[in-house]
Amino acid sequence: MSAFSSADPTPSSPDTVGSAPDVVRAVVSGVPDRVSLDGLEATYDARWSEQGTYAFDRTKTRAEVYSIDTPPPTVSGSLHVGHVFSYTHTDVVARFQRMRGREVFYPMGWDDNGLPTERRVQNFYGVRCDPSLPYVEGFEPPQQGSEDGSGKAPKLSDQVPVSRRNFIELCERLTGEDEKQFEALWRRLGLSVDWSHHYQTIDANARTVAQRAFLRNLARDEAYQAEAPGLWDVTFQTAVAQAELEAREYPGHFHKVAFHPSDGGAPVHIETTRPELLPACVALVAHPDDERYQHLFGTTVTSPLFDVEVPVLAHPAAEPTKGAGIAMCCTFGDLTDVQWWRELQLPTRSIIQRDGRISRETPEWLTSERSRALFAEIEGKTTFSARTAVVDALRASGDLAGEPVATQRMANFFEKGDKPLEIVTSRQWYIRNGGRDAALRDELLGRGRELGFHPDFMRVRYENWVGGLNGDWLVSRQRFFGVAIPLWYRVGADGTVEHDDPIVPDEASLPVDPSSDVPPGYSADQRGVPGGFVGEADVMDTWATSSLTPQIAGGWERDPDLFERVFPMDLRPQGQDIIRTWLFSTVVRSHLEFGSLPWANAAISGWILDPDRKKMSKSKGNVVTPMGLLEEHGSDAVRYWAASARLGTDAAFEVGQMKIGRRLAIKVLNASKFALSFGVDPESGTGEITLDPALVTAELDRAMLAGLADVVDRATEAFDAYDHTRALEISETFFWTFCDDYLELVKDRAYGAGAGAADVNAATRSARTALAIALDVLLRLFAPVLPFATEEVWGWWRTGSVHRAPWPTSDVARAASAGADPAVLTAAGHALAALRKVKSEAKVSMRTPILAAELAVPAAARAGVESALVDLRGAGRVTGTLDLVETTEGQGDAAVQGGLVVVRSELGEPEARRKG
RNA sequence: GGGCCUGUAGCUCAGUUGGUUAGAGCGCCACGCUUACACCGUGGAUGUCGGGGGUUCGAGUCCCUCCGGGCCCACCA
């Protein structure tokens, strides 16, 4: 029968305890006279580095490995308190799993792909990326900007154009500096990262992975190109994806505009916030059931000012309650227009250019004299000035009913942009993500159900997003910096580019830059000439690279031996705001390439809120620098604050919590110093401690260890369930009782009251051994959260690093406490509190002797108090009688505290104050 | 409009499947330099568990409803 099977809850006799754990012997040496947290970060960071404490052992098998898909922070941004918070959560898990016996693969990445880096490189070096230029060997940029951007950014016209490859090189040079600072912060915080496994999202490996994954998608028809109307940012002049949208309020005006029925009937009024799109109008649309417009369906009306005849059509997407209930459909004002255009097979009449301005060519569908004249007035203008011009004309012609009414409307914005998105028709690349395909969508929803979300309710965000997709993932971007789409197109004899059958590179040649590299079978002089080729100019969306972080970090195809040991990974830690982007896109890529999840678990951290309960942000000026925080409070303290917040829950930025963490860390040092201070040979300053459960014989000691055994089991269970907060709380609560009550109660006995150091009796040895066993366990319980303090103490009496020590089991404590009742310590603690209260109320020192006392004890607590009576007398300094009188008050554990009171006492003289 | 989270002591938060008198820390008050710790210790005070209904022998916990915070999605006529 198993030693700890649930069928046998009371393994009290030795033969049910199973094989005894190996008895640990430790030699205490090097406990300092005064303990301190100061400087521990630097000391142990260096030692861990030097000793390879966190080095990943790649001989381990997949089952032995715990792999983490670390979020790569954006290097061009700055790290803030929120990063410290969430990265601590991950590190706590990493350290727990490592001690649990898993070989932890914990790499670090840097995200240096994307717009923030592009802008920073531009401004810092005074360059601009122009993919059409050739690579220049040994290029030196015209300037070295200042780190804080105080040097003024050069104007676009002053920026020196450089090739994409040169631009990427400059990016790597610049971000190398950022990375050093970031690494220094992470080391100071104590992240147990293996720094030999790091990556950048723009480096050659990442580009290779991103291009290879794309080519595989293309080969399986999961990537495709399409010419279609899509959301377009006019500032950055690039298409944007659904996941990058942000709906924002945007001021506008309703304009009531008259259309004129071709049969000469009464004018039809529509309401629009975009009157400048009047020349792009292709139809009026109302709901098929709308009584008001039944008579118009099937007829045509003529647009005001521009005199274009358009049909009046019925479509269920029209909402009778919006505006006038009948809408003007333009190509394109919004996504509803696109839907109507597609489903009602309307013509295309685009007038907005990619720069957001009105087309400079008068469209051929404008035929009347006045329409062509008016268009000539607005051509090349921004939508804003064109709107003014059109409204003035409408007012003059009498087609504007009333005056425009101000409104706040919601408009789609690119999350990094500040102008509303337009809809522009362009050729773009897409990756299938279930947005247009119910079967794939269901598969991806299935992956979401397979994934362990922590906390679990975050799964809903995934499901809502996947369920609400309205199109495939647009991955091409009309930017210059980024990972190039690795394709070329043939140029026909007549000079037209043949997009339909792209030329693909060999995987072995990756990464390629089609703007400078030449496709297989062609020579460089065939670029851009009839019969030759052109390179795809677009780059991939940053998520197209970030969605591959497990592949990038894990060595997909580059290091198959590593990859099979770490993939699929165990954990993706990340923020809740990027479930729809990073988390989902990573699931998509893994599902398409491997038919599996990229990881088994996702740990979602919350936000840090400032004291006003607002999300902390730079603009509010309430950002505290992380390094300053670590320097002020110490890393263990800051980690404690972070670890006190549950996953998925927003947490307050609270210095008070850090002070508590610091107090805990110092307490660990001091209590450890005390627990290890016995048995030290006064001559040599060293001593051996044997953690032999058989030496623990006193009932109080056994009760303490029985409680500790429960704590280990509960904390382990919590950690296994990704509930580090609960694990910490359980350990911490026990630890404070351990310090406040147990240490005080056993102090005299542990000192060997009366006996010489060499003449240690069984009771004293019991206390000392129990202290050592408890310390051995407690240090390891706290190690994930307080890596520095626990490592410091570990070094006083143990060999190796506590962070490579096995996670504690309850075995030793159970072996030492078989049959003991944790309530004995509880009762003794309450009895001690009762004695202390007498002195506290008498306002005398705790050293004051109690000459005689009578203690009321509930029946339930009596046995416990009695078994600890000697310790109790010592800790309470009871020199005379201590009588117990049984009370009937209360039942059960909760009543014990209330019932345990001193009913009569006689205090001695307070000890004379010592001088000095 | 759809959805998720959240409301417990002045503050930050626990409160496991409903079960005696709702907890912790900080802060506050009082006392105490006690050979682990003054970066400390001891003791104490503090609550209409957001409001209102309901289920139940019993509700902080379950249900309904309303109110207050936070977030996601949809919303461009």
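The basis for the numbers below is simple: all heavy atoms, side chains too, and nothing from hydrogens, waters or symmetry mates. Reminder, nothing fancy here: chain letters follow the sequence lines and each chain counts from 1.
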J.: Taking the side chain from A/R646 and the backbone from A/G606, do they hold a donor-acceptor pair closer than 3.5 Å?
T.: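 No: the side chain of A/R646 does not pair with the backbone of A/G606.
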
J.: May I have the distance from A/I604 (atom CD1) to B/C4 (atom P), rounded to whole angstrom?
T.: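 Between P of B/C4 and CD1 of A/I604: 18 Å.
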
J.: Indicate, with a heavy-atom threshold strictly under 4.0 Å, whether A/C739 touches base, sugar-phosphate, or nothing.
T.: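 Answer is base: heavy atoms of A/C739 come under 4.0 Å of a base.
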
J.: Given that A/L832 and A/M458 both sit by RNA chain B, which one's nearest nucleotide is further toward the 5' end?
T.: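 Comparing both residues, the 5'-ward one is A/M458.
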
J.: B/U48 pairs with which nucleotide, Watson-Crick or G-U wobble, both distances below 3.5 Å?
T.: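 Because no pair has both required distances under 3.5 Å, B/U48 counts as unpaired.
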
J.: I'd like to check the side-chain hydrogen bond (donor to acceptor under 3.5 Å, both in side chains) partners of A/E276; sequence neighbours left out, ordered by chain and number.
T.: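 Here the qualifying residues are A/R274, A/R387.
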
J.: Please work out whether the ring planes of A/F85 and A/W641 are parallel, tilted or perpendicular, with thresholds of 30° and 60°.
T.: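 A/F85 vs A/W641 ring planes: tilted.
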
J.: For A/E717, does the CD atom sit with more than 12 other heavy atoms under 6.0 Å from it, leaving out its own atoms?
T.: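 Atom CD in A/E717 is not crowded, with 12 or fewer foreign heavy atoms closer than 6.0 Å.
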
J.: Under 4.0 Å from OP1 or OP2 of B/G41: is there any side-chain N or O of A/R847 that close?
T.: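 A/R847 to B/G41 OP1/OP2: no side-chain N or O under 4.0 Å.
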
J.: Of all the heavy-atom pairs spanning A/Q657 and A/S644, show the shortest one and how long it is.
T.: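 For A/Q657 versus A/S644, the nearest heavy atoms are NE2-OG, 3.5 Å.
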
J.: Taking only the C1' atom of each, what is the distance from B/A9 to B/G44 in whole angstrom?
T.: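 Result for the C1' pair: 15 Å, nearest Å.
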
J.: Contact class for A/R459 vs. all strands (heavy atom < 4.0 Å): base, sugar-phosphate, or nothing?
T.: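 A/R459: no heavy atom of the nucleic acid under 4.0 Å.
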
J.: Within this structure, what is the NZ-to-C1' distance between A/K839 and B/C33, rounded to whole angstrom?
T.: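 In whole Å, B/C33 C1' and A/K839 NZ are 16 Å from each other.
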
J.: Go ahead and name the base partner of B/C31; Watson-Crick or wobble counts if both distances stay under 3.5 Å, otherwise write none.
T.: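 Paired with B/C31, as far as the under-3.5 Å criterion goes, is B/G41.
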
J.: To the nearest 0.5 Å, tell me how far A/L451 CG sits from A/R459 CZ.
T.: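 These two atoms lie 7.0 Å from each other.
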
J.: Rounded to whole angstrom units, what separation is found between the CE atom of A/M658 and the P atom of B/C26?
T.: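 That distance rounds to 17 Å.
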
J.: Rounding to an integer number of angstrom, what distance separates B/C49 and B/G60 when you compare their P atoms?
T.: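 The answer is 8 Å between these two P atoms.
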
J.: Just checking A/E744: base, sugar-phosphate only, or nothing, at a heavy-atom cut-off of under 4.0 Å?
T.: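 Contact class for A/E744: base.
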
J.: Pairing check on B/C4: which nucleotide meets the Watson-Crick or G-U wobble criteria with it, both distances under 3.5 Å?
T.: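 Base partner found: B/G70.
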
J.: I'd like to compare against my own output: the B/S/- annotation of nucleotides 72-77 of chain B with a strict under-4.0 Å heavy-atom distance to protein.
T.: -SSBBB

J.: Tell me what A/L743 touches on the nucleic acid: a base, only sugar-phosphate, or nothing, going by heavy atoms under 4.0 Å.
T.: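 The residue A/L743 makes base contact.
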
J.: Provide, to the nearest angstrom, the distance between the CZ atom belonging to A/R877 and the P atom belonging to B/U34.
T.: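 So the CZ-P distance, A/R877 to B/U34, works out to 10 Å.
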
J.: Take atom CG of A/N670 and atom C1' of B/G41, then tell me their distance rounded to the nearest Å.
T.: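 Interatomic distance, CG of A/N670 to C1' of B/G41: 12 Å.
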
